[in-house]
Chemist: 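If you scroll down you'll find the structure; I have some questions about it.
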Amino acid sequence: MIKEKMKYSVDKNGYYGKFGGAYIPEMLYPNVEELRENYLQIMESAEFREQFSKLLKDYVGRPTPLFLAERLSDKYNARIYLKREDLCHTGAHKVNNTIGQIILARKLGKRKIIAETGAGQHGVATATVCALMGMECIVYMGSVDMERQKPNVERMRILGTQVEPAKSGSQTLKDATNEAMRHWINNPTDTHYIIGSVVGPHPYPDMVTRFQSVISEEIRFQLKEAEGTEHPDYVLACVGGGSNAAGAFYHFLDHDDVHLVAVEAAGHGVGSGESAATTALGKPGVLHGSKTLLMQTADGQVIEPYSISAGLDYPGIGPIHAHLFNTGRVKFMNATDEEAMKAGIELSRLEGIIPAIESAHAFAALQKLDFKPDDVVVINLSGRGDKDLETYIKWGKY
Ligand SMILES: *Cc1c(COP(=O)(O)O)cnc(C)c1O
């Protein structure tokens, strides 16, 4: 897929600068090692690439359009393009990764899939590809989250997935992750664990980044056609764990003239105690198997994040983003609930597109950036807003 050595690539030990690595219990070592030894070779094989691109085309609906948003462009005085990941099958970019991982799992001879999910979006994307491939699937989900995200639980069940409640601790994402790990330790040979963002132990962050890099690969040729250049002046994306951003940035990382902007969820405000703005509030530590930036107390307890959007409600960021933040290659900004909701309504009114509230955070950054009229700006529209209708209704101001 991507062979050339790039400046911000993971090193051979699984690190991005001082972030990354594989901080895992010894019992999990054989599983992760099997993946590490094989993922690049499989992903670069002609057979894999053919199968991956065929499914992305015929099943996911790629390439997704790059749409010149004229009314939004007028408002912000720049040439603003939307990368329409909201038009992917299942309504967001997450399926790019689950398609890639399930093909890889089959090449490794795995017959069963496990995953963890918080809001349920990754669970649905995993259940979808398991149905497609006829693979058995268990998704772990905190019992509190199952209660909060009932439609996604039912979606997974309709797709034939077993949704397993995690009943320990706070009964949310971190407990679901623990249960999934435990299952994987006990079933190392026949099971693959599909992680949903650029997080987790090496090689997951690199593997997921490569699967999602199809986004910037397409932006390049689509912009070439539309603007006569492969390189925009800006790329904006929201960051939860960071997979849609990593994918949208990937092919521009080595081109310093492309400004890359990541937008985190500030929740009720960075200083409010209810936020998910990891780069503003976080310190280095270990989360979900890798060294990264995370929100934690002075004695290292993970702080519960908060955001109105379930997909950005995560206490850390992937190690690639911790590195991109530290080196200054990517500018990190944040948007509050209020700012994101307003930006979501604005996009609906100006372009007839109701965005996922996660994606709306990226649009909220538009008013905080200073564009020149001929600047070409690409916003990664990571998902559609159908799943968020209830949140829009509750917010009410439209
Ligand atoms: C899950 C999700 C996100 C956040 O995840 P990343 O890994 O940061 O991309 C963003 N947008 C949508 C629509 C999502 O479903």
Side-chain angles (χ1 to χ4, degrees), residues 1-3 5 9-16 19-52 55 94 96-117 122-123 125-127 129-130 132-140 161-162 164 176-213 241 243 246 286-292 318-320:
M1 204 155 296
I2 297 119
K3 272 215 160 105
K5 173 74 186 150
S9 299
V10 78
D11 70 22
K12 64 178 192 322
N13 300 314
Y15 281 83
Y16 301 91
F19 299 107
Y23 297 78
I24 49 172
E26 203 174 311
M27 306 264 286
L28 211 54
Y29 185 78
N31 310 34
V32 173
E33 187 57 15
E34 182 189 26
L35 197 59
R36 191 189 66 77
E37 276 176 358
N38 293 292
Y39 82 109
L40 280 180
Q41 195 196 333
I42 293 176
M43 286 174 70
E44 281 163 6
S45 72
E47 200 186 314
F48 177 93
R49 287 160 60 155
E50 193 181 318
Q51 216 176 336
F52 186 51
L55 282 175
K94 284 195 173 73
N96 301 327
N97 168 48
T98 57
I99 289 267
Q101 285 201 47
I102 204 158
I103 303 173
L104 194 121
R106 283 162 67 105
K107 302 267 182 255
L108 286 171
K110 309 291 176 181
R111 288 177 298 109
K112 298 181 182 171
I113 296 295
I114 54 166
E116 90 293 330
T117 196
H122 172 56
T126 303
V129 298
C130 286
L132 175 72
M133 297 289 193
M135 307 255 288
E136 218 175 284
C137 180
I138 304 174
V139 170
Y140 290 90
T161 279
Q162 180 186 339
E164 204 49 57
T177 305
N178 291 339
E179 299 270 329
M181 295 268 186
R182 200 167 306 139
H183 182 109
W184 206 23
I185 287 171
N186 293 326
N187 301 272
T189 47
D190 67 348
T191 301
H192 174 68
Y193 179 13
I194 299 190
I195 292 183
S197 189
V198 288
V199 302
H202 179 66
Y204 279 98
D206 183 48
M207 181 170 73
V208 178
T209 297
R210 286 167 187 262
F211 288 139
Q212 293 291 0
S213 72
S243 68
V286 171
L287 181 68
H288 296 162
S290 70
K291 190 157 178 229
T292 189
I320 184 172

Chemist: Taking Asp11 for the side chain and Asn13 for the main chain, is one N or O donor matched with an acceptor at less than 3.5 Å?
Modeler: yes
Chemist: Within a radius of less than 6.0 Å around CD of Glu37, do more than 12 heavy atoms belonging to other residues, nucleotides or ligands occur?
Modeler: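 Counting neighbours around CD of Glu37, more than 12 heavy atoms of other residues, nucleotides or ligands fall under 6.0 Å, so yes.
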Chemist: Is a donor from one side chain sitting under 3.5 angstrom from an acceptor on the other, for Gln212 and Asn96?
Modeler: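 Side-chain D/A pair, Gln212 to Asn96: present.
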Chemist: In Å and rounded to the nearest 0.5 Å, what is the CD to NZ distance from Glu136 to Lys112?
Modeler: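 If I round to the nearest 0.5 Å, the distance is 4.5 Å.
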Chemist: Measuring from Leu104:CG to Ile42:CD1, what's the distance to the nearest 0.5 Å?
Modeler: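 Those atoms lie 4.5 Å apart.
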Chemist: Considering residues at least two apart in sequence or located in another chain, which fulfil the side-chain hydrogen bond (donor to acceptor under 3.5 Å, both in side chains) criterion with Tyr140?
Modeler: His183
Chemist: Once rounded to the nearest 0.5 Å, what's the spacing between atom CE of Met135 and atom OG1 of Thr161?
Modeler: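 One gets 11.0 Å once the value is rounded to the nearest 0.5 Å.
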Chemist: Anything under 3.5 Å between a donor and an acceptor, one on a side chain of residues 188-195, the other on a protein residue two or more places apart or in another chain? List them.
Modeler:
residue : atom : partner : partner atom : Å
His192  : NE2  : Gln101  : OE1          : 2.8
Tyr193  : OH   : Glu116  : OE1          : 2.5

Chemist: Are more than 12 heavy atoms, taken from residues, nucleotides or ligands other than Tyr29, located less than 6.0 Å from that residue's OH atom?
Modeler: no
Chemist: side-chain hydrogen bond (donor to acceptor under 3.5 Å, both in side chains) with Ser243: which residues, sequence neighbours excluded?
Modeler: His93
Chemist: If I take atom CZ from residue Arg182 and atom CD1 from residue Ile114, how far apart are they, to the nearest 0.5 angstrom?
Modeler: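 These two atoms lie 11.5 Å from each other.
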Chemist: Answer yes or no: is there a side-chain heavy-atom contact under 4.5 Å between Val198 and Pro319?
Modeler: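 They are not in contact (no side-chain heavy atoms under 4.5 Å apart), so the answer is no.
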Chemist: Identify, with sequence neighbours excluded, every residue that meets side-chain hydrogen bond (donor to acceptor under 3.5 Å, both in side chains) alongside Arg36.
Modeler: Glu33
Chemist: Any heavy-atom pair between the side chains of Ile103 and Met133 that's under 4.5 Å?
Modeler: yes
Chemist: Would you confirm whether Thr126, through its side chain, and Ala115, through its main-chain N or O, come within 3.5 Å as a donor-acceptor pair?
Modeler: no
Chemist: Of the non-hydrogen atoms in Ala105 and Ile113, which two are nearest, and what is the gap between them?
Modeler: CB-CD1, 3.9 Å
Chemist: Give the minimum heavy-atom separation between Tyr39 and Asp206, together with the two atoms involved.
Modeler: OH-OD2, 2.5 Å
Chemist: Asn38 side chain to Leu108 main-chain N or O, any donor-acceptor pair under 3.5 Å?
Modeler: no
Chemist: Could you state the interatomic distance from CD (Gln162) to CD1 (Ile138), rounded to the nearest 0.5 Å?
Modeler: 4.5 Å
Chemist: In chain order, what residues pass the salt bridge (Lys or Arg N to Asp or Glu O under 4.0 Å) check against Lys291, with sequence neighbours excluded?
Modeler: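 Salt bridge (Lys or Arg N to Asp or Glu O under 4.0 Å) list for Lys291, sorted by chain: empty.
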Chemist: Grab the two heavy atoms, one from Ser290 and one from Gly200, that are nearest each other, plus how far apart they are.
Modeler: CB-O, 3.4 Å
Chemist: Is the shortest heavy-atom distance from the side chain of Asn97 to the side chain of Met207 under 4.5 Å?
Modeler: no
Chemist: Do Ile102 and Cys130 have side chains that get closer than 4.5 Å, going by heavy atoms?
Modeler: yes
Chemist: Among residues at least two apart in sequence or on other chains, which ones pass side-chain hydrogen bond (donor to acceptor under 3.5 Å, both in side chains) with Glu47?
Modeler: Lys107
Chemist: What closest approach, in Å, do Gly20 and Tyr23 show between heavy atoms, and which atom pair accounts for it?
Modeler: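 Closest heavy-atom pair between Gly20 and Tyr23: O-CE1, 3.3 Å.
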Chemist: Please test Leu132 against Ile99 for side-chain contact (heavy atoms from CB on, under 4.5 Å), starting from the C-alpha separation and ending with a verdict.
Modeler: CA-CA 9 Å; Leu132 175 72; Ile99 289 267; 4.2 Å; yes
Chemist: Say you draw a straight line from CE of Met43 to CZ of Arg49; how long is it, rounded to the nearest 0.5 Å?
Modeler: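 Going from the CE atom of Met43 to the CZ atom of Arg49 covers 10.0 Å.
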